Structures are given as C-alpha cells and as structure tokens.
J.: 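Sharing a structure with you now.
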Amino acid sequence: MANTVNLNIDGIDVSVEAGKTVLDAAKELNIHIPTLCYHEDLCVAGNCRVCVVEQEGAKNLVASCAMPAQEGMVIHTNTHKVRNARKHIVELLLSEHNADCTKCYKNKSCELQDLASDMIISENMFLDLVPEKNYTIDNFSPSIIKDDSKCIRCQRCVRTCHDLQHVSALGVAYKGDKMKISTFFENSMFDVVCTNCGQCVIRCPTGALIEKNYIEQVWDAIHDPNVHVVVQTAPATRIALGEEFGMEAGNIVTGKLAASLRRLGFDSVLDTDFSADLTIMEEGTELLTRLKKALVDKDASVKLPMFTSCSPGWVKYIEHMYPDYLDNLSTCKSPQQMFGALVKTYYAEKKKLDPAKIVSVSIMPCTAKKFEAARPEMRGSGYQDVDLGITTRELAVMIKQAGIDFNSLPDEKFDSLMGQSTGAAVIFGATGGVMEAALRTAYELVTGREVPFENLNITAVRGMEGVREASVKIENVLPAWSFLEGVELKTAIAHGLKNAHQIMDAIKAGTANYHFVEVMGCPGGCIGGGGQPIPTTPEIRQKRADAIYREDEGMEIRKSHENPEITQIYKEFLGEPLGHKSHELLHTHYVKRKRV
Amino acid sequence: MKNLKRVDIIFGAYTQEKYKVLGETLKKSSDQIISEVTDSGLKGRGGAGFPTGLKWKYTANEADPIKYVVCNADEGEPGTFKDREILTRVPRKVFSGMAICAKAIGAKKGYLYLRGEYVYMLPDLMAELELFHKCVKENNLDFEIKISMGSGAYICGEESALFESIEGKRGEPRNKPPYPTVSGLFGKPTVINNVETFVNTLMIMRLGADEFKTLGTSDSRGSKLFSVSGDTPVAGIFELELGMSLEDFVEDFGDGDTKAVQVGGASGFCVPRKKFKDTIIGFEGVPTGGSMMLFNSSRSMYNVLKNYVEFFEEESCGQCTPCRVGCQQLKLGIEAVKKGEKSATYLDTLQKLADTMKVSAKCGLGQSVANSFSSIVDNFKEEMIY
C-alpha cells in the first residue's frame, strides 16, 4: 500500500490516500473540524485559519485544510491550544464583521454565524473594528449585492471567479487592515466583467455576496388586484427546491412546486420548459439553416460553430471576452426571454388580457437571469418581457413567508397554454441537456427517424467532464436535407466558464472544429446555478443532474417537436420557426463589451 | 571598540582578479560544494537561520530538471540596511554566490528580487551582471540571473510571497509544505537565500569551511553584518563575530544610557537593560537578520511598540485572519489601554492574542508580530499604561 499514509488523529489510527489533507483524514474518522475558507470546489487557500489543529512535534498549529497527511503524523484537534486559537480567530473575524445578524439576508444560513454559535461567542472580547472601516455596499448590479461589511476575506469568491469561472471580476485589493475583495478599479459589479453567474454567491459563507432579491416586488404584484401575475419556472428549479425544505439533493418536486406557486397567489402557473421546447425548434432550425448556408451556399458570412445562447452568464462572458465571436452565438433568446415575450403577446391575446397589466415573473436557478431580464434588448413584446426574475432561493423564502408547509403539499400540474413540456425541455437544466434535446429533434427532422440511441438517452453528451465532445453521423436523410447526407455533426459541450474559455481558445487557435457547441455558464449547468440552494458540491450537483434525467425518463413526451402546445403556437401564432414573428419575439442580438 | 572584534570578510578585497574564486569553485563538483557549505555550519543570514548546506542539498536531491536560485534582496525589515551596502559595494560576490549555488543544485536560472526602493542600483547591477554572465560562460556554466523588482510590500520578503511576486501575482505567502526546496518559484525546486548568505558561501569557498568556522560559536558560525541604528554615536554597518553578548555590544555601541535594544527589527525581540548580560546574539540566543536598534531612556517604549504594530497592520498581506485582524486589534488595544478606555488587564488579553497569532498565522510575518509585542509589553508594562 505505497499510496496510503498512516496517521493518528485524536488517538485514532487512520490510513488515507497519499495527497489527502489532515482535514480529509479527520473527515474519514467523522471528526468535525470547523472551516470557513475551505470549499470542495476550490483550491486550498488556508487563510482563515479556523481549521487549525495541533501536530505533535510542530512548533505552531497547522491549518488542517492545507496540511498534507504524512506518515506517522500525530494530530490533536481538540486541545486547549487549538480551542483558544479557533475562538480567537472567530472573535477576530466577528470584530471586523457587521454582525447585525437579524437584519442580514443570510441570517440563519451563515457559516460565520454557525461557528460563533457553536463556540458560544456572546460578547466581544476584542474591540469593534467596524466603525473604523468605511465599508461600502455595491447594489448597482441587478443580480448581485456586494456588502463589504459582511466580508470575512476568505477569498472563496475570488477563487471561484478566477479558478472556476475564469472571469476574475473579483480580486484582492490593498493589503493589511485595508485588504478587501474588490473589482477592477473598485468599480461596481455592474460595470466590470462580472457575468452575474452568482457562483460567488453560492460559495460566500456570509452575507457579503447575495443575490439582489425581488421578493417584495413579487408580493406587491401578487397582492395587486389590477394586474395578472404569470409565473414561469425553469427546469432546474424543480429538482433543487426541495433542498430548501430539508430534502436530500436530487428530489424531484415538480408537483409541489406548481402547488406552492398556486398557493402563493400567482394567477397563472406556467413552465419555462414550454419555451425550452420552443428554443429547440428555433435553435435547431437555426443550426440546420446555418449548416445549409455554409455547406450548400458556401456563404462565408455564416459563422460556425454555432453556440447556444440559453445561459446569460455565458452570453455576457463571450460579450466581454470573445466579442469577435458574437455572430457565432445563436440569435435565439433564452427560454426565459422567449417565454416573457410570448406572455405579453400570444398569452395576452389568447387570454384576452391587457399586456400592460401583466406582471411576468420567472423562477430561475440563476442570478444572471435578473440581468438578462433587464437587458434593453429584451422588450420584444413592447414591454419588459420578464418583469421580475427571482431565484430558487427567493422562492423558498416566499414559501416560508407564506406559511406553506412545502413538504406536505400535494402534487399539482402546471396551468395550460405555455404550461406543457417534454423531457427534452427538462434536461435543459443539466450540462449537455440542450445539446441532447437539440439532437433528438434535429436528427429526427432531417432523417425522419429517432436518434440512434437507446431509449433516446444520448449518454455521450451527458456527464460532468468539463469539456466533452460528441459526433453524430447523419445518414439516410430525407430528400429536403440531402446536403447533410454523410455529414458527421461535430459537437462540444462545456460547463463552467473556465471550460468555456478552454473551448473558445481552442476554436480561436483553430485546433477545434465543431458545428455546434453548448455552453452553460455554471458548473454542472443550471442545476449548479448561482440561484440554487446553498451549498453546492460536486456530489450535490451530480444528484441534481441524476434527478433531471429521471424526470426526463418519466415524461410522456420526450422530444420538443412533439409538444402539442408547440405545434399549436406555430399554427396559431408564430407561423414557422425562424419566421417573421419568431424573429421579432424570439430572437435577439448581442453587445460587444470591454474586457475590464 | 573595546569588546568586540571587527571582521572584514564581506567587504574585504579577496582577489585582484575579478571572479577568480568563482572560476576556481566552478571546477568543483556539486557534492564538493554542498559538503563544504554544510561543513561550514553556515546558517541563513536573513534571520530565520536555516542551515544553508541542508537547503542546497535538499534542492540538489530533487529530480526536477528545472530549478531556480533566488536571491532575496527585498531588504525591508525596519532597521536593516546591510544588503543595500553589499549590493552597492560588492555585487559580484552576490552573483558569484548564486552561481556557486546554481552549480551545486543544477539550476540554469536565477533571480535577484530587489527591493523596490533600490531601483537606483539597477544600472550598476546590470553592468556587473554583464561581466558576470561573461565569466560564467567562460567557465562553462549555463546560468543566467535576472533582476526582478519589488514594489514596496514588506511581505514580499517572505520567500513564498516573493515567488508569487516574481510570478506576477499578488504577493501573498503560500501554504507550507511544500517548501521551496521542493516547490518554489514557478512550482520548481528552488534555493532562496539572503544576499549576505550568498556572499558567505563564496567566502567559504575561498577560506574553506575550517577557517570560516574559527569565527563564531558552535551554533552560530562565522561573522555577520549588523545594521546599527537608534541612540548610538556610531550608527552604521559593522561586520562582527556571531555569538557576542549584548552587554558587550551595548558597551561598544551604546550612548551610555541604553535602556533597550531591539534585536532583529520589528519582527525581532526587545531586550531590556537588565537582560543585556544574559543575552547572546546568535542562533542560540536572540537571532537577527542584522538589525540592532538602540533606545535610550528618552524614548517611550509605548511609541516604539505602536510604531511596530502600525507597521505590521499596514504590511500584513491581509489574507490570514490572525495577522490581518490581530495586528489591528493589537494597535487599537494598546491605544485603548493608554487612553484609559480599557483597563490594564486588557494587555493580558492582547498578550494571549499575540500568542494565538504566533501559533496560527499563515507565515512568518504574522507569527513574529508577537516577538516584539510580547517582549516590549512584558518588559515595559508600566510604559504601556501610564
């Protein structure tokens, strides 16, 4: 067993794989060591020092998260020295921290508060430093609020933004007592490269980075008798919302979600999955059109590969980082925005409502959707298409505020007209899902046959690998698509912006040759979105993804083009994919942004 | 000087012919060099005192074909100014020491990390480097030195923060292990030594380990440059034998009214008059990177301490909790006691905090704040309160 090391923690022998840390080893023994800056998804920082332990023979305490387990080590996690140091450290953090907990959005879901409570810190041993600091709150972003007075400088956000997302909107500025987490030239989060993905928000241990919540605005709309409030819910919300109510990750709560929305008082409870199916119709047709122009017409102005455009974090990322590739982005709006545009046109028409008196609310696993809803391009209906975008977490707050016992709710269905959907739509929530849904439809459209995968499960595009490639050989096509005969459709999938960066650089360098690329801004796709329940770990994301695919398998219809409401809307309203009305309502354009 | 013997090795002329010793040394094998340095008992002159031979040996033993030699010339410890003098007067001895190290460990590239304020030295250093590079080439050593400028952060004198800085990142100390001998600059095995240490290795090559060892004590071999400042009639740089008693030092350098000596700068220890006699300056007693600050009875030790904690409050990189917040608390804490806003017993709380910083801070900076804090508060408590 050359690859294991043996050590002793608190009198118990333990063997761990070489390369594991003391913290990992303690976990195997179910010995809890408190942590703050440590996060499973991130590189080790070792800067909060809360996890210090005593190592026999070492002069100083060691940070267990950063200390590799070594042969023969003897560790004590609960000595007087350790307890004193940890308590001091938490007290020091509290002395810099605006500890007005009852007025904090993260009250009762704050890791610093938990530690203070575990250590029974009821009075300040040290001087209150908060009055010395000129802490500021940045609330200019429509998505994220950054409150420096709550920050404990653990740099989880910095590591997230840099290592996971390759955005680096957040960084460390100044040193010593003035050290802070900041942005380029201390600009607002609204004015920097921030993609609003919210990955920092779901990793912030305190209330320093939170979503901008629109809970009160949604309540105001619900309680306003003069408006009709429509709500849409994204695919990934239904497999995560349960976690906010104590359920294990991976529980499917679609029925309870619909029931809870109805009880909150929304006038119509609809499903973003409907517009996900619509996206497939539009985007699939767009892809085939681009392929035809490129392969048959030899039109050099047509850009390939085509990138998906469902993820607003990804869209803003490419606008900042690769503005020369905006023509490669599908012009399709995201499902949220297609839905919004149709609510105030098609839906209003059918329901005989004045669109001016509709408030369109979305429940999203995403913080970037708030920014997307506020984009000036998103007013195809003549109004702001989506008025209020709230996260899965905000919805949970509302359910609790309303006194609804979520877990005992019955399963209910979505309302009809833009409430019906397919399995193809629900998998939009996981990385690879848009690709799979698109392939299910496009392949069938072109060949007249179902995709050649067992039970429609295109497993090649699934999984949690950061960048994945898959190709599909198109054979025996229908006459209209003869130009695609024998073409090997090359696709790639990336999730998390660091992986997107990797793909983009390969494309830029000419070393990658794809027809269609799916990118989701968040690790795992929307299931790991910045608006999802906290915490997030690889294991939690895997469970959510598994749930998404279970939900898909359980659906009666699993191909977007077979959704009867989709057939209906093309017949009654839109005409055909990429038609005139589609262009007006369902497609958009992008903005070149600076890389600062 | 009555008691102490001045030594003249570091600055002393050793040969008429430039780079002669280096040329001769480069004929030796790596093992020969390392064993000579190890035998000499040389310990790092930056202050921490790690055995130089051992550091070189560990790095030489690493299999990675890419290794680095780094010279830490980010002289920032308050009261230390000897490296400036070395680099001004005998830069070729520094480069030669680095080349010897490169030969010993098998490095092809070296960096001299120069304190930002020393930028004025650059033209002279570059001119010397040109001669140096010519010399190593003539001696068939594939080794090149680059100069990397600091930007004024004290923390970049900490070796791993220094690496980060050379790599173009924010100067923040790394977690250890891994140590630089395994994973240093650009993640490669690296020897990082102080300016003076490199000069010493060259001197060992010239004098031989045995002669080097005739100076100093068994724990502290050789001589060392001291930067003497404060209330002294003879401020300046002096090369002295290690292992002297502080009493002898004060007799030679004091103004007759010395009440305390701060040994080792802001991160060192404050020794009060009553302990001069029993204090040895060296690794067996109170070590120093060279800074010796003398204070006479006209000085307020409260002001001295406040100056130090203010320095640390500003120069902490800010990443780890004990150092970032601890320094602020120590500063505001002694102010509050002085103003009477906190009782004298609050000093005990602050002492405990300093102890926590010592055992839990991420790097040497945060760990050493307690040195000056505790030694000043312990020995001059009444001055902190009244």
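Note on naming: letters A, B, ... go to the chains in the order of the sequence lines (proteins, then strands), and numbering restarts at 1 for each one. Quantities reported herein were computed from a predicted structural model and do not represent experimental measurements.
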J.: Identify which of B/Glu313, B/Gln329, B/Glu314 forms the greatest number of heavy-atom pairs closer than 4.5 Å to chain A.
T.: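 Looking at each option in turn, the highest pair count goes to B/Gln329.
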
J.: Please state whether the side chain, the backbone, both or neither of A/Lys81 comes within less than 4.5 Å of a heavy atom of chain B.
T.: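 The side chain, not the backbone.
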
J.: Would you please classify the geometry between the B/Phe186 ring and the B/Tyr111 ring as parallel, tilted or perpendicular, with 30° and 60° separating the classes?
T.: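 If you compare the ring of B/Tyr111 with that of B/Phe186, the planes turn out tilted.
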
J.: Measure from the side-chain N and O atoms of A/Asn3 to the backbone N and O of A/Glu17, and report whether any donor-acceptor pair falls under 3.5 Å.
T.: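 Not at all, since once roles are kept as given, no pair shorter than 3.5 Å links the two residues.
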
J.: Please check if any side-chain donor atom of B/Ser267 sits under 3.5 Å from a side-chain acceptor atom of B/Glu77, or the reverse.
T.: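 Yes, side-chain donor-acceptor contact under 3.5 Å.
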
J.: Side chain, backbone, both or neither: which part of A/Val62 has a heavy atom under 4.5 Å from chain B?
T.: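 When you check distances to chain B, no heavy atom of A/Val62 falls under 4.5 Å.
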
J.: Which atoms of B/Lys342 come close to chain A, meaning under 4.5 Å heavy atom to heavy atom: side chain ones, backbone ones, both, or neither?
T.: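 For B/Lys342, the contact with chain A is made by the side chain alone.
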
J.: Please determine, by modelled atom types, if B/Gln351 and B/Asp378 share a side-chain donor-acceptor pair under 3.5 angstrom.
T.: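 Distance-only check passes for B/Gln351 and B/Asp378.
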
J.: Picking from B/Arg324, B/Lys358, B/Glu341, which has the most non-hydrogen pairs under 4.5 angstrom with chain A?
T.: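 Top count of heavy-atom pairs under 4.5 Å with chain A: B/Arg324.
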
J.: Taking atom types as modelled and ignoring hydrogens, do the side chains of B/Asn72 and B/Glu159 form a donor-acceptor contact shorter than 3.5 angstrom?
T.: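 B/Glu159 and B/Asn72 do not have a side-chain donor-acceptor pair below 3.5 Å.
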
J.: Select, from A/Ala66, A/Ala45, A/Ala63, the one with the greatest count of heavy-atom pairs under 4.5 Å involving chain B.
T.: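 It is A/Ala45.
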
J.: Examine whether an atom of B/Gln367 lies under 4.5 Å from a heavy atom of chain A, and if so say whether it belongs to the side chain, the backbone or both; otherwise answer neither.
T.: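 Side chain of B/Gln367 only, per the 4.5 Å heavy-atom cut-off to chain A.
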
J.: Non-hydrogen atoms of chain B under 4.5 Å away: do they reach the side chain of A/Glu91, the backbone, both or neither?
T.: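 Contact with chain B involves no heavy atom of A/Glu91 at all.
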
J.: Please rank B/Cys323, B/Ser360, B/Ala153 by heavy-atom pairs under 4.5 Å with chain A and give me the top one.
T.: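 Option with the greatest count: B/Ser360.
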
J.: Heavy-atom pairs under 4.5 Å with chain A - which of B/Asn175, B/Ile155, B/Leu350 has more of them than the others?
T.: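 Winner by heavy-atom pair count: B/Asn175.
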
J.: Heavy-atom cut-off 4.5 Å, strictly under: side chain, backbone, both or neither for A/Ile152 against chain B?
T.: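 Contact with chain B: backbone only.
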
J.: Distance-only, no hydrogens or angles: does the A/Arg156 side chain make a donor-acceptor pair with backbone N or O of A/Arg203 under 3.5 Å?
T.: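 Yes: the side chain of A/Arg156 pairs with the backbone of A/Arg203.
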
J.: B/Cys327 versus chain A, heavy atoms under 4.5 Å apart: side chain, backbone, both or neither?
T.: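 Neither part.
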
J.: Given that the side chain runs from C-beta out, which part of B/Phe312 has a heavy atom under 4.5 Å from chain A: side chain, backbone, both or neither?
T.: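 The answer is neither part of B/Phe312.
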
J.: Can you say whether A/Glu132 sits under 4.5 Å from chain B via the side chain, the backbone, both, or neither, judging by heavy atoms?
T.: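 Only the side chain of A/Glu132 comes within 4.5 Å of chain B.
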
J.: Please classify the contact of A/Met125 with chain B as side chain, backbone, both or neither, using a heavy-atom distance under 4.5 Å.
T.: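 It is both, since atoms from each part get that close.
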
J.: In terms of side-chain heavy atoms, does A/Glu111 have a donor or acceptor partner in A/Thr206 at a distance below 3.5 Å?
T.: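 There is no such pair between these side chains.
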
J.: Using only atom types and a distance under 3.5 Å, with no angle test, would you say the side chain of B/Ser291 pairs donor to acceptor with the backbone of B/Gly79?
T.: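 Yes, the answer is positive, given that a donor and an acceptor are paired below the 3.5 Å cut-off.
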
J.: Considering only heavy atoms and a distance below 4.5 Å, find which of A/Val52, A/Val50, A/Ile89 pairs most often with chain B.
T.: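 Most pairs with chain B among the choices: A/Ile89.
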
J.: Using the six-membered ring wherever Trp is involved, compare the ring planes of A/Phe126 and A/His88 and label them parallel, tilted or perpendicular (cut-offs 30° and 60°).
T.: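 Tilted, since the angle between the ring planes falls between 30° and 60°.
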
J.: Find out whether the Lys NZ or Arg CZ of B/Lys338 is both under 6.0 angstrom from the six-membered ring centre of B/Tyr302 and within 45° of the ring's axis.
T.: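 Because its charged atom sits under 6.0 Å from the ring centre and within 45° of the axis, B/Lys338 does stack over B/Tyr302.
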
